[in-house]
There are 2 protein chains.
Amino acid sequence: MGKEYILKTAASEKISRLAYFNIAISVDCVIFGYEGKDLKVLLIKSDFKEFENLNSLLGDLVKPQEDLEAASYRVLKERTGLDDVYLEQVQTFGNISRHPSGRVITIAYYSLIDIKSHKLKLNHNELQWHSVKGIKKLAFDHKLILDICLNRLRQQVMESPVVCHLLPEKFSLRELQELYEAILGVELDRRNFRKKISLKEWLIDINEIETDVPHRPGKLFSLKQNFKRKIPIPTYKN
Amino acid sequence: MGKEYILKTAASEKISRLAYFNIAISVDCVIFGYEGKDLKVLLIKSDFKEFENLNSLLGDLVKPQEDLEAASYRVLKERTGLDDVYLEQVQTFGNISRHPSGRVITIAYYSLIDIKSHKLKLNHNELQWHSVKGIKKLAFDHKLILDICLNRLRQQVMESPVVCHLLPEKFSLRELQELYEAILGVELDRRNFRKKISLKEWLIDINEIETDVPHRPGKLFSLKQNFKRKIPIPTYKN
DNA sequence: TCAAAAGTGTTGACTTTACACCCATGA
DNA sequence: TCATGGGTGTAAAGTCAACACTTTTGA
C-alpha cells in the first residue's frame, strides 16, 4: 500500500515513546525453602493499606539501569542476605488492574534456598516462612503467582536436579526423597526412587555419612558441580 | 530493627514511583505457520536504522490501559487480520542493552496460525513468512527469542495438541505427522505415530476423507473442541 | 496397471512398578 | 535388644521401537 516507510533511529524512537512511560515494572520472587518435611515460601506482611493483614511475595520495582535477573537477585540479597541462590524466571503478570496504585507489570521468579544452612536475617517479624500448603490468600495476585511457580517447580522436579538447592550442601537420599515427596505431594517407593536418582547421575557420593541420627546413618551426597545454579541459557550472538 | 513501617496507600505509591517511569514495555510475537512441510515464522523488515536489512519479529509497545495478552492479540490482528489464534506467553526479555533506543522490556509470545486457510493481508512485501530453518540473524535479540519460543513449541508437541492450530480445521494423520516431523526435525514411524496419537484422544474422526489427492485419500480429523485455544489458566480469586 | 499413500499388529527391548529382607547404628 | 531407617534385587506389567504387507484411489 502506498504508505512510505521511513527508517526510525534510536533517537527518534526515544522521543516518540514518551507517551508510554507510565507503566512500572517490578519483579516478584517466590522464595521456596524446605524445613521439617514441608515446602515453605518466604512472605512478608503487605505494607499496602488495601491489603492490610495479608501477606505478599517479596518484590521490588526494577531500576532503570538494572537487568531483570539483577533485580531479582537484589531482592533476594536484601531480604535474605543470600547471593548464591538458584533463580529462574517463570512468567510475567500484567493485568491492568492487578495493582491498586496503577499499572505495574511484574516478572515472577522462583528461587530455591536452604533455610537451615543460611540463617537468614529475618530482620523483623513481618518476614516469615510459611507452609505452602496452608496459604489461602495473598495480597495482589500473588496467590496466582505462587500457584504457577509451584506448578513450574513440580514440573522441574523429575527433569532436573535443581531442587537440591533446597537442601544443605550435603544430604542423604532419605532427605532428598522426603523433599520430592513434599514438593509432589505423593509417597515414593524408596528402592525405585534411589534407582531412578542414581541413573540420572546428578549426585556425587562424598564418602561421608550422617551424624546425629538416632539410627543407622546414611551416606551423604552432593549435587555435581555442573548442575549447580541455573542451566546456562543459550547465549545470544548476532 | 527500629525502622517504622508506615502503610502505603495506592495514592502515595503512585507518586513515589514516578522515578521509575522510563522503561518501555513491548510484546513480541513469534508467529509460527506451516506450509510445504516447513515450519515458518512471520517476520518484518526492521524499520530501525541500526538493523537495516535485518528482519525482526512483530511486536509493539503495550498501551497503558492494555493487558499483555490483549497487546499480543492486537499485534496479531493488525498484522495478520486474524483473531482466532492460539497464543501463549513464553518469556520476558529485559536486558538493559537489548534495544538501541533505551530500556525496553519485551514479553515474548508465540502463536500458531494456519497459513493456508486464513489468507492474511500481507499488506506490503516487507512482511513475509520465512522458513525457521534458514534464519540466521534477526534484529535486536529476536533470534534468541525465536530460539527459545521454538524450544517451547518442541516441548509442547508431545504433551498437548496445540500444534494442530498450525493445520486447517480438518486434516489427515499424514499431514499431522509431517507437521510433527517439521517441528521436531526427525522422522517418525507411521504406525507408532498413529498409535500414540489415537491413545491421546485429542482428535475426532469427522467421517470425511481427503479430496484432490493423487492417491488413496485418508480420513480427516479435527481437534476436539475442548483442546482448542489455550488451556485456561487457573483463575484468580482473592 | 501403476504409483502413491492409507491402514493395520506383533515381537523384542526397555522401562516402570510393586514388593521384603537383612544390616548398622544409637538409645 | 530394640527401634529406626539404610541398603539392596527381582519379577511382572507396561511402554516403546522396529518392522511389512494388503488396500484404495487417481492417473
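The shown structure was predicted, so the numbers you read here are calculated from the model rather than taken from an experiment. FYI, side chains are in, hydrogens and waters are out, and symmetry mates aren't considered; it's all heavy atoms of this structure.
- Near DNA chain C, meaning a heavy atom under 4.0 Å from it, residues 175-191 of chain A has Asp189(A), Arg191(A) in order of number.
- Comparing dC23(C), dA6(C), dT17(C) by their nearest atom to the side chain of Lys195(A) picks out dT17(C).
- Mapping Lys196(A) and Glu210(B) onto DNA chain C by nearest heavy atom places Glu210(B) closer to the 5' end of the strand.
- The CE-P distance, from Met158(A) to dT15(C), rounds to 15 Å in whole Å.
- dA12(D) atom C1' lies 13 Å from atom CG of Asn192(A), rounded to whole Å.
- Taking atom CG of Asp205(B) as the reference point, atom C1' of dG7(C) lies 13 Å away to the nearest angstrom.
- Of the listed residues (Leu138(A), Leu146(A), Leu144(A)), just one forms a side chain to side chain contact (heavy atoms under 4.5 Å, CB included) with His142(A), and that residue is Leu138(A).
- Using a 4.0 Å cut-off between charged nitrogen and carboxylate oxygen, Glu208(B) and Lys170(B) count as a salt-bridge pair.
- In the set dA6(C), dT8(D), dC19(D), dA6(C) carries the atom at the smallest distance from any side-chain atom of Arg194(B).
- In this structure, Ile209(B) places its CD1 atom 16 Å from P of dA5(C), rounding to the nearest Å.
- Remark: the Arg216(B) side chain and the dT23(D) base include a donor-acceptor N/O pair separated by less than 3.5 Å.
- Classified by interplanar angle (parallel below 30°, tilted 30° to 60°, perpendicular above 60°), the ring pair Tyr86(A)/Tyr110(A) is tilted.
- In this structure, the ring of Phe221(B) has its center no less than 6.0 angstrom from the ring center of Phe171(B).
- In this structure, of dG9(D), dT25(C), dA17(D), it is dT25(C) that holds the atom nearest to the side chain of Pro217(A).
- Only one option out of Arg174(B), Glu175(B), Glu181(B) pairs with Gln177(B) in a side chain to side chain contact (heavy atoms under 4.5 Å, CB included); it is Glu181(B).
- The CD1 atom of Ile183(A) lies 5.5 Å from the CG atom of Leu39(A); values are rounded to the nearest 0.5 Å.
- Checking dG5(D), dT17(C), dA4(C) against every side-chain atom of Arg174(A), the shortest atom distance belongs to dG5(D).
- Atom CZ in Phe221(A) sits roughly 10 Å away from atom C1' in dG7(D) (whole-Å rounding).
- For the pair Ile197(B) CD1 and dA6(C) P, the computed distance is 15 Å after rounding to whole Å.
- Considering only heavy atoms from C-beta on, Asp28(A) comes within 4.5 Å of Ser26(A) through its side chain.
- One interatomic measurement links the two molecules: NE2 of His215(B) to C1' of dG26(D), which rounds to 10 Å at whole-angstrom precision.
- To the nearest angstrom, C1' of dT16(C) lies 12 Å from NZ of Lys200(A).
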